[in-house]
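Just the heavy atoms: all of them, side chains too, but no hydrogens, waters or symmetry mates, feed the values below. Sequence lines set the chain letters: A, B, ... in the order given, protein chains first and strands last, and positions in each chain run from 1.
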Amino acid sequence: MADKLVLVDGNSVAYRAFFALPLLNNEKGVYTNAVYGFTTMLLKILEEEEPAHMLIAFDAGKTTFRHETYKEYKGTRQKTPPELAEQLPLMRDLVKAFNIAYEEVENYEADDIIGTLAKRAEKEGWETKIFTGDKDLLQLVDEKIHVALLRKGITNVDTYDLKQLQEKYGLKPSQIIDMKGLMGDSSDNIPGVPGIGEKTALKLLAAHDTLEGVYENIESVSGKKMKEKLVENEQQAVMSKKLATILTEVPLKMTLEDLSLGERNTPALLELFRDLEFSSLIDRIDPDGGAAGEEQLEDVEVQVIDDLDPSMLATPSALVIESLEENYHNATIVGGALANETGVYFLSPEVLAKSSTFKEWAKDESQEKIVFNAKRAVVGLAWQDIPLEGVIFDGQMASYLIDPGAASHEMADIAKRKKGMQVQRDETVYGKGKKMHVPEEAVLAQHVGRKAAAVLELKPDLEKELQENEQLELLTELEMPLSIILGRMERHGVAIDKEELEKIGEGLTERLQEIETKIHDMAGTVFNINSPKQLGEILFEKMDLPPLKKTKTGYSTSADVLEKLQDQHEIIPEILLYRQLSKLNSTYIEGLIKAIHNKTGKIHTMFNQALTQTGRLSSTEPNLQNIPIRLEEGRRIRHAFVPSKDNSYILAADYSQIELRVLAHISGDENLIEAFRHGMDIHTKTAMDVFEVEEAKVTSAMRRTAKAVNFGIVYGISDYGLSQSLGITRKQAQSFIDKYLESYPGVSEYMDSSIEEAREKGYVTTMMNRRRYLPEITSRNFNLRSFAERTAMNTPIQGSAADIIKKAMVDMDKAMDKEKTKAVMLLQVHDELIFEVPENEVESFSEVVKKVMESAIEIDVPLIADVDYGKTWYDAK
DNA sequence: GCCCTCACGC
DNA sequence: GACGTACGTGAGGGCA
């Protein structure tokens with residue numbers, strides 16, 4: 001087997017990576033996108049090619065020997081963007097750590113180095129593969145030299161040998177430079193012959209083989225104009241060819257043997273990756289986060305104990321309660337770990353269940369606990385009737401607050417930030433899906449113990465960062481108390497009238513069957529209405545309806561498309577109805593029935609408190625934040641949400657227009673502030689301003705449009721988004737937005753300053769100092785940049801609203817304690833709180849909740865909460 | 001198992 | 001001028 005050589009055009013790959021990927025930067029503000037792309041490319045090459053020899057060539061200085069021939073060579077090139085330039089040295093460090101040969105030579109380009117080495121290798125009978133984004137390199141293709149051209153994106157390549165080059169371009173490798181001689185290359189500022197483009201050049205070369213051949217046979221060239229141009233520019237053509245020719249005799253000191261690929265320096269790579277925050281790549285070179293590397297963490301000494309001795313307790317202690325299921329309600333606890341100044345201990349499930357020492361310690365508020373995902377630990381133990389008090393720090397919450405956009409808030413990834421610390425990811429230890437299992441106790445103890453040791457050790461670092469960001473209060477006064485409250489809500493659960501659900505379900509199933517038959521009859525064939533693919537084929541092929549929109553995979557059959565076809569065929573309204581009812585049945589009837597807990601008969605959702613980019617909560621298994629309300633048919637589902645005790649009510653309290661009130665406050669816009677102070681209907685007010693009419697002249701259509709505009713402001717949608725929701729053109733949508741901003745100049749100024757702030761600082765903040773980083777705000781990609789700009793305007797609004805209701809929840813919890821009420825907080829739905837309240841308290845409680853919510857924070861406009869109650873959630877409207 | 005489309009809420 | 005365009009969760013289909 002002959003030796004295999006891989007040559008990489010370093011500059012070309014770096015450029016590609018830079019422009020293909022969004023502008024990432026690490027914590028220190030260093031841009032990393034090009035390095036990241038470059039590294040993934042290297043890893044891919046190393047894995048797939050397994051070369052014995054390898055070299056990465058870079059351009060050295062600005063000028064090369066080609067500039068002696070032609071001063072203007074590459075004269076039109078834009079300067080390397082500084083964001084890329086600063087990344088080039090990092091790539092050099094990386095190449096070194098990979099132990100790959102590296103070369104740049106004054107006066108020559110990377111191409112020439114590659115050409116020289118490829119030819120030398122060919123003489124020795126080696127196979128060479130060249131990786132580049134530059135088509136010029138194709139001139140080097142030969143029997144034993146192949147060129148891998150980067151396609152769009154970064155890790156996909158097209159590999160060319162002689163045959164493929166012929167097929168794709170109809171050219172021999174040597175003719176690439178003849179092409180350049182004729183047609184030039186605007187990116188390198190090579191002139192070529194004016195007026196000759198790709199088509200003509202190909203035709204000429206097909207007839208005469210080379211540039212020289214063309215001139216030797218110039219008389220036989222057809223077309224007077226073309227001949228003139230060729231003759232006039234002969235010198236320029238010859239020079240262009242020369243410029244495009246890759247030199248294959250660069251005086252290189254190195255020998256081919258010097259290119260042999262050494263062993264990679266894994267510790268050095270790991271350190272670089274950690275600095276650059278390439279956590280996914282750390283896994284790729286070393287799935288255990290460096291456990292096998294030289295800088296292995298001193299083995300965490302984890303004692304597996306039979307009984308917890310008081311001498312093992314100290315405050316603070318880190319506590320990990322481990323369960324494998326994602327859903328922690330009534331989950332099987334496979335063990336726990338304690339880490340403190342006295343050591344690291346693993347507690348088996350039996351010890352946790354039996355040890356009175358542990359239970360006493362757990363509920364002792366003065367014994368401070370440091371945890372990672374407090375709610376998970378608290379709820380997990382609560383199901384075992386073990387109260388957990390005194391939780392003072394949550395490492396996962398800290399990570400989320402520091403950067404909600406971080407790729408992961410897993411222990412394994414956060415631990416990587418600190419040198420010398422390794423925690424395996426749960427998936428590595430436990431497996432996933434069907435293969436998930438509890439490992440032998442020694443392995444389990446080591447893993448869980450490591451986590452406890454890690455969170456204990458990470459706390460000062462995380463705290464310091466929070467301190468620097470002025471976010472400590474956000475953690476300790478808002479999110480941590482809220483964790484406990486949410487945990488209680490989840491554990492308490494929401495009572496469900498299962499019979500009611502089943503009754504609604506029966507009605508739905510019956511109607512669905514009728515509609516299904518009707519649709520099949522109308523279509524003249526039986527098909528699966530739930531399959532967009534089949535439905536598309538029936539509607540747009542068999543029935544010849546006009547396909548208004550396409551998706552990646554075929555015809556779009558979404559509701560907005562079907563609504564436009566409403567009148568074209570009577571089958572359409574039936575399909576829309578079928579969709580609506582089938583959604584209700586599968587997600588809300590069947591889904592909710594499945595979610596009823598076999599032990600409590602209630603539904604226990606999980607609120608994810610460390611997920612959204614804005615600071616809102618999310619809700620899963622089941623999601624209780626998207627129970628239908630807008631259409632009566634779906635709203636009936638709410639009949640099944642009932643109080644868990646007799647003689648109690650469901651009480652719902654929702655903030656009125658909280659986001660727009662926040663906007664009024666943050667922007668200080670006088671018009672908007674006045675509107676809220678006068679208690680105006682805000683959509684009517686917006687309609688008056690946008691349409692320039694007085695209140696009495698606002699039609700319902702105007703109000704609807706104004707409502708959509710307000711919706712757009714609150715959610716940061718684009719002109720396109722607004723045009724979609726109103727069924728108007730983008731231009732019209734933009735003019736509504738413009739008119740809005742004209743009417744509310746304070747809002748307009750706020751929008752600009754918010755974008756400006758994001759550009760300056762790299763992030764935006766909410767009223768309670770929540771952060772969101774927006775690195776793409778400086779992207780050259782219009783889309784990414786626009787998105788970041790809308791996010792910069794919207795996140796402080798939506799995020800501050802999230803802050804406020806979270807604060808209201810914490811305040812409400814205190815108020816409920818003080819009032820000694822028997823009422824229970826059940827759910828939060830972004831701007832709304834749901835409680836169950838004993839009948840005799842319902843009036844007084846209504847007043848308390850209204851007061852607490854409205855005074856959660858003092859802002860420049862009144863906060864209004866509307867309270868309602870009834871026998872079911874449906875009736876609390 | 002994973003991705004896509006669709007649909008529900010705020 | 002092109003990019004694909006609030007945030008979430010979940011169900012079902014279709015492909016590997």
Side-chain angles (χ1 to χ4, degrees), chain A residues 19-20 22 152 404-405 432-435 527-536 549-563 575-576 578-592 594-595 605-608 611-631 633-635 637-638 654-655 657-660 708 710-725 730 733 772 776 779-795 797-799 801-802 805 827-832:
Chain A
F19 288 108
K152 280 193 184 159
K432 65 168 172 178
K434 271 193 153 179
K435 288 187 203 138
F527 68 102
N528 186 345
I529 308 169
N530 283 321
S531 159
K533 189 171 170 234
Q534 293 182 33
L535 181 62
K549 203 165 93 183
K550 279 192 142 187
T551 66
K552 267 184 265 186
T553 49
Y555 308 110
S556 170
T557 65
S558 59
D560 61 309
V561 170
L562 296 187
E563 271 157 25
I575 291 168
L576 285 167
Y578 183 91
R579 281 253 179 90
Q580 190 199 329
L581 300 184
S582 135
K583 170 79 179 177
L584 290 178
N585 202 37
S586 61
T587 304
Y588 296 107
I589 301 295
E590 291 172 8
L592 287 177
K594 265 186 250 164
T605 186
M606 293 189 295
F607 290 105
N608 197 333
L611 183 136
T612 70
Q613 301 306 298
T614 54
R616 278 187 172 186
L617 304 175
S618 80
S619 154
T620 59
E621 291 184 70
N623 180 354
L624 293 185
Q625 291 185 318
N626 71 344
I627 304 302
I629 187 162
R630 289 184 46 241
L631 301 170
E633 197 79 59
R635 191 173 196 155
I637 304 280
R638 295 183 175 224
D654 70 299
Y655 277 117
Q657 302 298 346
I658 185 163
E659 282 98 349
L660 291 173
N710 280 331
F711 179 86
I713 299 291
V714 166
Y715 287 128
I717 63 175
S718 57
D719 55 352
Y720 173 85
L722 182 60
S723 76
Q724 290 294 301
S725 68
R730 251 166 90 155
R772 183 167 182 183
E776 288 167 347
S779 171
R780 284 158 304 282
N781 179 318
F782 175 83
N783 255 329
L784 296 176
R785 190 178 62 246
S786 306
F787 184 51
E789 288 172 355
R790 294 203 304 276
T791 309
M793 303 185 264
N794 160 253
T795 295
I797 304 173
Q798 203 185 113
I805 192 160
L827 296 172
Q828 187 249 50
V829 191
H830 307 309
D831 63 355
E832 182 182 19

Base, sugar-phosphate or nothing for [X]? Non-hydrogen atoms, less than 4.0 Å.
X	value
A/Lys432	sugar-phosphate
A/Ile629	sugar-phosphate
A/Ile627	sugar-phosphate
A/Ser556	sugar-phosphate

Atom-to-atom span, [atom1] of [X] to [atom2] of [N] - whole angstrom:
X	N	atom1	atom2	result
A/Tyr588	C/dG12	OH	P	13 Å
A/Leu827	B/dG9	CG	P	16 Å
A/Leu592	B/dC8	CG	C1'	12 Å
A/Tyr655	B/dG9	OH	P	23 Å
A/Arg635	B/dG9	CZ	C1'	13 Å
A/Lys552	B/dC6	NZ	P	12 Å
A/Leu581	B/dA7	CG	P	12 Å
A/Met606	C/dG10	CE	C1'	13 Å

Beyond-backbone contact of [X] with [Y], side-chain heavy atoms, under 4.5 angstrom:
X	Y	value
A/Gln828	A/His830	yes
A/Lys549	A/Asp560	yes
A/Thr795	A/Gln613	no

Presence of salt bridge, A/Arg616 and A/Glu659, under 4.0 angstrom: yes
A/Lys594: partners by salt bridge (Lys or Arg N to Asp or Glu O under 4.0 Å), with sequence neighbours left out: none
Can you tell me how far [atom1] in [N] sits from the matching atom in [M], rounded to whole Å?
N	M	atom1	answer
C/dG1	B/dA7	P	34 Å
C/dA2	B/dC6	C1'	27 Å
C/dA6	B/dC8	C1'	16 Å

Please check the phosphate of [N] (OP1 and OP2 only) for any side-chain N or O of [X] closer than 4.0 Å.
X	N	value
A/Asn528	C/dG12	no
A/Gln828	B/dC10	no
A/Thr587	C/dA11	no
A/Thr553	B/dC3	no

Reading nucleotides 4-9 of chain C from the 5' end, what letters show protein touch, with B for base, S for backbone sugar-phosphate only, - for no heavy atom under 4.0 Å? BBBSBS
A/Tyr720: partners by ring pair (Phe, Tyr, Trp, His ring centres under 6.0 Å), with sequence neighbours left out: none
Exercise: identify the closest heavy-atom pair between A/Leu562 and A/Leu576: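 Minimum heavy-atom separation between A/Leu562 and A/Leu576: CB-CD2, 3.8 Å.
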If you compare all heavy atoms of A/Val829 against all heavy atoms of A/Leu624, which two are closest, and at what distance to 0.1 Å?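 Shortest heavy-atom separation between A/Val829 and A/Leu624 comes out as CG2-O, 4.1 Å.
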Where are the stems of DNA chain C, defined as at least 3 consecutive Watson-Crick or wobble G-U pairs with both distances under 3.5 Å? B:1-9 with C:7-15
Donor-acceptor list for residues 585-592 of chain A side chains, cut-off 3.5 Å, not counting sequence neighbours:
from	atom 1	to	atom 2	distance (Å)
A/Ser586	OG	A/Ser582	O	3.0
A/Tyr588	OH	A/Asn626	O	2.6
A/Tyr588	OH	A/Asn626	ND2	3.3

Name all residues meeting the side-chain contact (heavy atoms from CB on, under 4.5 Å) criterion together with A/Ser531; count only those two or more places apart in sequence or in a different chain, and write none if there are none.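 In terms of side-chain contact (heavy atoms from CB on, under 4.5 Å), with neighbours along the sequence ignored, A/Ser531 is linked to A/Asn528, A/Lys533, A/Gln534.
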